[in-house]
Engineer: 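So that we are looking at the same thing, I have put the structure below in structure tokens.
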There are 2 protein chains.
Amino acid sequence: MGNNLPRILIVDDEPAIQRFLHTALDNGEFSLHQAENGRAALAAAVNTKPELILLDLGLPDMDGVEVIGRIRQWSQVPIIVLSVRDREDDKVKALDAGADDYLTKPFGVGELLARIRVALRRSLQQAPEPVYHIDELEVDLARRRVLMRGKEISLTPTEYDVLRLLVTNAGKVLTHRQILKQIWGAAYLEQPHILRVNVSNLRHKLEKDASRPCYIVTESGVGYRFKGQS
Amino acid sequence: MGNNLPRILIVDDEPAIQRFLHTALDNGEFSLHQAENGRAALAAAVNTKPELILLDLGLPDMDGVEVIGRIRQWSQVPIIVLSVRDREDDKVKALDAGADDYLTKPFGVGELLARIRVALRRSLQQAPEPVYHIDELEVDLARRRVLMRGKEISLTPTEYDVLRLLVTNAGKVLTHRQILKQIWGAAYLEQPHILRVNVSNLRHKLEKDASRPCYIVTESGVGYRFKGQS
DNA sequence: GAAGGTATCAAGAAATCATCAAGATTGGGG
DNA sequence: CCCCAATCTTGATGATTTCTTGATACCTTC
């Protein structure tokens, strides 16, 4: 089926819900894919690059909120949460983690379809590429890989996080505090040292000459900036 | 209150709901506006250009769905419907008309705030940031970048602060004391020297001929003025 | 041409930054 | 349960940038 209908990834481990959703959505307008747990969902999100994800929060292997967070590291694909949990706290957490909508089971098929249309209508206008090419550097957010002239560079988790933050905001100056808050949390707001060490390490791994950086530029007294294409 | 908090337009005719929403949203993060009927809502949408609209479907003078349609003819502002109507048909109609979300009363304040954050988060990333163009000078406040004929100019933190203050008040004369107080604090009110040095440095970096400045004009005995676009 | 305000240069002081390396922590495997 | 390896954090030090101040020359207006 090499069509180009919008791909929808259904993430749910209950066969009953799977069947229900397949029936509800099998109207020839979508191409349906499926995952039964969090790990499979993350893999499928990378591989099939769906236009929309329907996500049940109650997965056997990991928390749904974490799935949202992991996907949001590299993709803006609309995520609609479908859950039996009706507690406000669950909704807030999922929405703040990056979900676009939250439907409490049971829900009507008509409403689900309408909310899917809303999400798709919106995402049609924007589709940022999750792979960044800057000169000879290549950052693949979906696969969490960094290549320099095609050769893979191995980064530690923190180094990668810093790089991802800088790359996704290429061209923009990020203050020390912004970066620290995002990656180390509010408790480290006043500790730019730890950020400097990581930037230094990053530069030694991906700059030609770490003392004359081309990618990660220092904005003295302010923060760092990833030199984008613009 | 000339702040730049996100403006939220509340469209509802019941005083009880108005009060409830004002209480719920009055946390200092939003600037609240209000309309009691459809006509007023359409006018307010044009005039206050809100970042988000909370819309009750049951308005005295016109149908809420029509309000959505009329706004969608010219604006992509996020619209969250708040309604007592729980019929699926109502939801589908409102969402298909262009609403971004639909909350059935009664709902929790936490959920409302979370859905507002979702809507604002989305519209924030596609909103083009303000860039000042003055002749061949370009000041991009969001990226903290200054370009002269497309070429980047590197400024120190204080130089940038001074320039930003002048540019955001382009055309207006700022007295020495105003600038000093804003950037160096009240303790430096009587030290115009330090400001002069910075203006001089700025001019050398961005004026064609620093001795005949075109952008930063001296108002002798008063202060400085940034030449507006006019 | 004097006076008050203005512009520029340069140098020491202060703040910020880069780097190396040693201790602390963590997670996985035996 | 312990050990190992990778990573994270912290400390120390030298390099770099930026800030502030003083000296001096320059306008402009009366």
Engineer: Starting at CD of A:Glu219, measure out to OH of A:Tyr224 and round the result to the nearest 0.5 Å.
Structural biologist: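 The CD atom of A:Glu219 sits 11.0 Å away from the OH atom of A:Tyr224.
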
Engineer: Rounded to whole Å, please give me the gap between CZ in A:Arg212 and P in C:dT19.
Structural biologist: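 The answer, rounded to whole Å, is 13 Å.
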
Engineer: Quick one: A:His204 NE2 to C:dT19 C1', roughly how many Å, whole number?
Structural biologist: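 Answer to the nearest Å: 7 Å.
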
Engineer: For a side-chain contact (heavy atoms from CB on, under 4.5 Å) check, start with the C-alpha distance between B:Lys227 and B:Asp135, then their side-chain angles and the critical distance, and finish with the verdict.
Structural biologist: CA-CA 10 Å; B:Lys227 198 195 81 174; B:Asp135 286 354; 3.1 Å; yes

Engineer: Indicate whether OP1 or OP2 belonging to C:dA18 is found under 4.0 Å from a side-chain N or O atom of A:Arg203.
Structural biologist: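 Indeed, a polar side-chain atom of A:Arg203 lies that close.
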
Engineer: Whole-Å distance between C:dA7 P and B:Glu207 CD?
Structural biologist: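 Distance check: B:Glu207 CD to C:dA7 P gives 11 Å.
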
Engineer: Round to a whole Å and report the spacing from CZ of B:Arg196 to P of C:dG4.
Structural biologist: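 Atom-to-atom, B:Arg196 to C:dG4, this comes out as 14 Å.
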
Engineer: By the definition side-chain contact (heavy atoms from CB on, under 4.5 Å), identify the one residue from A:Ile10, A:Ile68, A:Val65 that meets it with A:Leu55.
Structural biologist: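 The residue from A:Ile10, A:Ile68, A:Val65 that satisfies side-chain contact (heavy atoms from CB on, under 4.5 Å) with A:Leu55 turns out to be A:Ile68.
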
Engineer: Taking it one step at a time, do A:Arg87 and A:Thr104 satisfy side-chain hydrogen bond (donor to acceptor under 3.5 Å, both in side chains)?
Structural biologist: CA-CA 10 Å; A:Arg87 283 185 42 226; A:Thr104 307; over 6 Å; no

Engineer: Is it true that the side chains of B:Ser123 and A:Arg122 contain a donor and an acceptor less than 3.5 Å apart?
Structural biologist: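 Result is no, nothing qualifies.
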
Engineer: Determine, step by step, whether A:Phe226 and A:Ile134 satisfy the side-chain contact (heavy atoms from CB on, under 4.5 Å) criterion, reporting the C-alpha distance in whole Å, the side-chain angles of both residues, the deciding distance to 0.1 Å, and the verdict.
Structural biologist: CA-CA 10 Å; A:Phe226 196 92; A:Ile134 303 103; 3.8 Å; yes

Engineer: Tell me: CG of A:Leu180 to P of D:dC8, nearest whole Å?
Structural biologist: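 Distance check: A:Leu180 CG to D:dC8 P gives 15 Å.
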
Engineer: Scan B:Tyr160 against the nucleic acid and name what it touches under 4.0 Å (heavy atoms): base, sugar-phosphate only, or nothing.
Structural biologist: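 The answer is nothing, as B:Tyr160 stays clear of every strand by at least 4.0 Å.
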
Engineer: Is the shortest side-chain N/O distance from A:Ser211 to OP1 or OP2 of C:dA18 below 4.0 Å?
Structural biologist: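 No, because none of the side-chain N or O atoms of A:Ser211 sits under 4.0 Å from OP1 or OP2 of C:dA18.
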
Engineer: How does each nucleotide of nucleotides 15-30 of chain D score, in 5' to 3' order, for protein heavy atoms under 4.0 Å: base (B), sugar-phosphate only (S), or none (-)?
Structural biologist: --SSSSBBB-------

Engineer: May I ask you to evaluate whether B:Tyr224 reaches the phosphate of C:dG5, defined as a side-chain N or O under 4.0 Å from OP1 or OP2?
Structural biologist: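 False: B:Tyr224 side-chain N/O out of range (4.0 Å or more) of C:dG5 OP1/OP2.
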
